[in-house]
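Everything on this sheet refers to the single structure shown next.
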Amino acid sequence: MCIRDRYQRRVHGDLFIWIMESQILAYVDKEFDNNALPALMKYITIHNLSPGFDPTWETNENAQAACDLLVSWIKEQGLVGCSVEVVKEPGKTHLIIVEIEPTKKPAMTVFMYAHWDKQPPLEGKWEPGLGPFQPVIKDGKIWGRGSADDGYGTFAAVLSIKACQKLKLEHPRIVMILESCEESGDDLKYYLNKLIPSRFKDVDAVICLDSGAPVRDRFWITSALRGVMNFNLKVKVLKDPVHSGDAGGIVPESFRICRELLNRLEDVKTGAMVAPFQVAIPEERKKEIEQCAEIVAPPAKESYPRLPGVHYMDENNVELQTNRTWRPTLAIIGAENLPVIANAGNVLRTHTTLALSIRLPPTLKAENAAKAVKEILLKDPPYGAEVTVSDVDPYEGWNAIDYPPAFSAAVNKASNAYFKKDFGSVGCGGSIPFIGALAEKFPKALFVVSGAAASDSNEHGPNENLDIDYTKKFIASLSVILQETTKMTIQKNQIILH
């Protein structure tokens with residue numbers, strides 16, 4: 001072949017790829033606006049809180065309503081080779097299973113994941129004109145509970161496949177799991193243990209749509225997730241409340257003992273937690289953090305609604321990113337036996353109970369963290385107080401295996417198609433317990449943990465929102481990744497291009 005023929009073939013090939021990528025985005029743009037967005041807005045109106053936040057979830061029909069909406073919408077898309085099934089066992093939440101045959105065989109099996117349960121609404125704390133169950137499109141975003149975490153995920157996954165089919169592009173075999181217990185339980189782990197042996201034995205790649213991007217400048221991959229451990233700390237000193245003027249200075253105050261015990265876990269001035277909760281950070285993750293700090297630095301003021309004059313915990317952005325992704329942090333997330341101010345009397349209360357949450361480093365064994373927290377808090381109680389640590393609920397984090405060059409090239413191609421930049425990789429400070437469990441089930445699978453949410457999407461808080469333009473590019477990127485996987489097979493744990 002002469003040089004001119006090779007040049008023309010390359011130019012024609014590049015032109016074809018550009019046209020294909022443009023067609024994908026154009027299709028996704030139209031389908032999202034006219035098809036997915038109306039359904040997403042209807043989903044936002046449903047009060048389908050995660051079971052841990054709604055004791056009546058089994059009887060109030062909200063979960064069933066959300067499930068029916070999603071299943072009906074998926075079926076309406078008319079995907080070729082698609083089956084949809086709802087699994088619901090007594091006492092367990094709904095699980096939607098979608099299986100889609102590949103366009104050709106042999107093919108990789110890609111496991112796609114999203115969840116559709118919601119965090120508490122935080123009524124009354126949203127900005128004027130916004131509300132948790134009142135979908136609003138404003139400033140190029142859709143606002144409402146579940147918009148970014150993780151209601152859009154179902155629509156994004158399905159549209160990415162539909163784009164491939166409608167544009168006559170190839171895609172792999174898809175196994176899609178859409179769960180309704182991610183925010184407050186582990187029903188999925190139960191279901192997976194039951195289903196994997198018979199139905200999902202061979203998974204080559206996992207695409208999880210429950211993470212996000214630090215900034216909306218490229219396709220981002222989450223390389224690590226922190227674990228999480230919630231538990232209750234109770235300190236009791238009295239059988240009955242007593243007059244604070246009479247007993248104050250004689251009987252120790254239970255909240256002060258709680259403070260003293262918390263000081264055993266962390267440095268009160270810096271927030272640094274003690275050694276049993278720390279890990280050695282891998283060198284490749286340190287380099288990744290440094291690169292991310294250059295891209296993202298510093299965290300935007302609008303990313304976190306700080307009050308004027310409130311500083312970050314460090315001025316060095318590398319330290320901030322390290323804190324957020326690989327270091328343990330302690331938060332007090334609730335309390336009991338602390339009366340509201342209007343009802344507060346001058347008494348020494350019998351006890352104080354604090355609900356605590358520790359974000360665990362990605363590679364720390366959760367069972368070791370649970371053991372350590374009990375040993376530290378229960379040893380030598382101050383003043384001989386009755387100290388109990390209960391409801392310890394630890395979930396491990398996750399650290400990704402590196403991508404083979406061929407798979408990295410596929411993800412880079414997707415990112416460059418719509419953002420003109422290579423994909424970014426960074427750890428996530430949040431937790432997706434299911435990922436660690438799935439990594440144990442499929443230790444050789446490649447994980448694309450990603451999402452369209454960003455640091456200002458305010459998941460779990462008031463004013464949750466999803467950027468529409470970024471979401472469309474994100475979905476189109478997924479279509480490219482799925483199409484690229486059809487050029488690969490795995491032989492002896494190696495990716496082979498064909």
Stepwise side chain to side chain contact (heavy atoms under 4.5 Å, CB included) check, Arg173 with Ile100
CA-CA 6 Å; Arg173 174 177 178 254; Ile100 304 170; over 6 Å; no
Kindly indicate, with the supporting measurements, whether the criterion salt bridge (charged side-chain N to carboxylate O under 4.0 Å, His left out) is fulfilled by Asp456 and Arg216.
CA-CA 10 Å; Asp456 61 352; Arg216 299 183 183 94; 2.7 Å; yes
Does Val175 form a side chain to side chain contact (heavy atoms under 4.5 Å, CB included) with Met112? I'd like the steps, not just the answer.
CA-CA 6 Å; Val175 175; Met112 301 186 79; over 6 Å; no
Would Ser431 and Arg359 satisfy side chain to side chain contact (heavy atoms under 4.5 Å, CB included), going step by step from the backbone distance to the final call?
CA-CA 8 Å; Ser431 307; Arg359 293 290 175 173; 2.7 Å; yes
Does the salt bridge (charged side-chain N to carboxylate O under 4.0 Å, His left out) test come out yes or no for Lys287 and Glu284, once each step is laid out?
CA-CA 5 Å; Lys287 293 177 183 178; Glu284 64 270 21; over 6 Å; no
Lys472 vs Asp29, test: salt bridge (charged side-chain N to carboxylate O under 4.0 Å, His left out). Steps then yes/no.
CA-CA 6 Å; Lys472 292 174 179 178; Asp29 181 82; 2.9 Å; yes
Report the C-alpha distance between Glu283 and Lys286 in whole Å, list the side-chain angles of each, state the deciding distance to 0.1 Å, and finish with yes or no for salt bridge (charged side-chain N to carboxylate O under 4.0 Å, His left out).
CA-CA 5 Å; Glu283 288 301 317; Lys286 290 181 181 179; 3.3 Å; yes
Tyr395 and Asn230: side chain to side chain contact (heavy atoms under 4.5 Å, CB included), yes or no, with the steps?
CA-CA 9 Å; Tyr395 290 93; Asn230 290 359; over 6 Å; no
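In this model, a donor atom of one side chain and an acceptor atom of the other lie less than 3.5 Å apart for Asn35 and Gln77. Using a 3.5 Å distance cut-off with no hydrogens or angles, the side chains of His171 and Gln165 do pair a donor with an acceptor. Side-chain contact of Glu99 with Ser83: a donor-acceptor pair under 3.5 Å is absent, judged by distance alone. There is no side-chain donor-acceptor pair under 3.5 Å between Asn323 and Trp326. Side chain to side chain, Gln134 and Thr45 fail the donor-acceptor criterion of an N or O pair below 3.5 Å. Using modelled atom types and a 3.5 Å distance limit, the side chains of Glu179 and Tyr113 yield a donor-acceptor pair.
Side chain of Trp143 to main chain of Lys138: a donor-acceptor pair is present (N/O by atom type, distance under 3.5 Å, no hydrogens or angles). Between the side chain of Thr270 and the main chain of Ala272, a donor-acceptor pair closer than 3.5 Å is present. Distance alone, capped at 3.5 Å, is enough to place a donor-acceptor pair between the Asp467 side chain and the Tyr470 backbone. Glu459 places no side-chain N or O within donor-acceptor distance of the main-chain N or O of Glu464, the cut-off being under 3.5 Å. In this structure a side-chain-to-backbone donor-acceptor pair under 3.5 Å is present from Ser479 to Ser160. Between the side chain of Ser415 and the backbone N or O of Asn412, no donor-acceptor pair lies under 3.5 Å. In terms of modelled atom types and a separation under 3.5 Å, the side chain of Arg226 and the main chain of Gly429 share a donor-acceptor contact. Formation of a donor-acceptor pair under 3.5 Å by the Trp116 side chain with backbone atoms of Asp150 is not found in this model. Judged purely by atom type and a 3.5 angstrom limit, Lys118 uses its side chain to pair as donor or acceptor with the backbone of Ile44. Between the side chain of Asn463 and the main chain of Trp126, no donor-acceptor pair closer than 3.5 Å is present.
Scanning both residues, Arg324 and Val426, for their nearest heavy atoms gives NH2-CG2, 4.2 Å. Residues Thr154 and Trp73 share a closest heavy-atom pair of O-CZ3, 4.5 Å. Here the closest heavy-atom approach between residue Phe277 and residue Pro328 is recorded as O-CG, 3.2 Å. The two residues Leu209 and Gly153 come nearest to each other via the heavy atoms CD1-O, 3.5 Å. Between Ala163 and Val28, the shortest heavy-atom distance links the atoms CB-CG2, 4.2 Å. Considering every non-hydrogen atom in both Ser357 and Val228, the closest pair reads OG-CG2, 3.6 Å.
In the displayed structure, Lys92 atom NZ is contacted under 6.0 Å by more than 12 heavy atoms of other residues, nucleotides or ligands. By the neighbour-count criterion of 12 heavy atoms within 6.0 Å, atom CD of Glu315 is sparsely surrounded, having that number or fewer from other residues, nucleotides or ligands. By the neighbour-count criterion of 12 heavy atoms within 6.0 Å, atom CG of Asp202 is sparsely surrounded, having that number or fewer from other residues, nucleotides or ligands.
Ion pairing of Arg218 with Asp422 is absent here, as no side-chain N (NZ or NE/NH1/NH2) approaches a carboxylate O to less than 4.0 Å. Taking the charged nitrogens against the carboxylate oxygens, Lys487 and Glu170 have no contact shorter than 4.0 Å, which rules out a salt bridge.
Using a 4.5 Å heavy-atom threshold, the side chains of Thr222 and Phe447 count as separate. Side-chain contact between Val480 and Ile24: present, with at least one pair of heavy atoms (C-beta onward) separated by less than 4.5 Å. Between His115 and Asp149, some side-chain heavy-atom pair lies under the 4.5 Å cut-off. A 4.5 Å side-chain heavy-atom check between Pro102 and Lys105 finds at least one atom pair inside the cut-off. With contacts defined as side-chain heavy-atom distances shorter than 4.5 Å, the pair Leu167/Met20 does not qualify. Side-chain contact between Asp117 and Thr93 is absent, with no heavy-atom pair separated by less than 4.5 Å. Side-chain contact between Ile435 and Asp210 is absent, with no heavy-atom pair separated by less than 4.5 Å. Contact of the Leu466 side chain with the Lys141 side chain is not registered, since no non-hydrogen atoms from C-beta on lie closer than 4.5 Å.
Every residue meeting the side-chain contact (heavy atoms from CB on, under 4.5 Å) condition with Thr322, not counting sequence neighbours, appears here in chain and number order: Ile281, Ile289, Val318, Arg327. Under the rule for a ring-ring contact (aromatic ring centres under 6.0 Å, His included), Tyr43 has no partner lying at least two apart in sequence or in another chain.
The six-membered or imidazole ring of Phe219 lies away from that of Phe419, with a centre-to-centre distance of 6.0 Å or more.
With rounding to the nearest 0.5 Å, the separation of CG in Asp187 from NE2 in His94 is 11.0 Å. The CG atom of Leu122 sits 5.5 Å away from atom CZ of Arg145, with the distance rounded to the nearest 0.5 Å. In this structure, Leu79 CG and Met176 CE are separated by 7.5 Å, a value rounded to the nearest 0.5 Å. Going from atom CD1 of Ile96 over to atom OG of Ser180 covers 7.5 Å, rounded to the nearest 0.5 Å. For the atom pair CG (Asn465) and CD1 (Ile142), the distance works out to 10.0 Å, reported to the nearest 0.5 Å. In this structure, Glu484 CD and Met108 CE are separated by 11.5 Å, a value rounded to the nearest 0.5 Å.
Tyr403 and Phe407 have perpendicular rings, their planes meeting at more than 60° on a 0 to 90° scale where under 30° would count as parallel.
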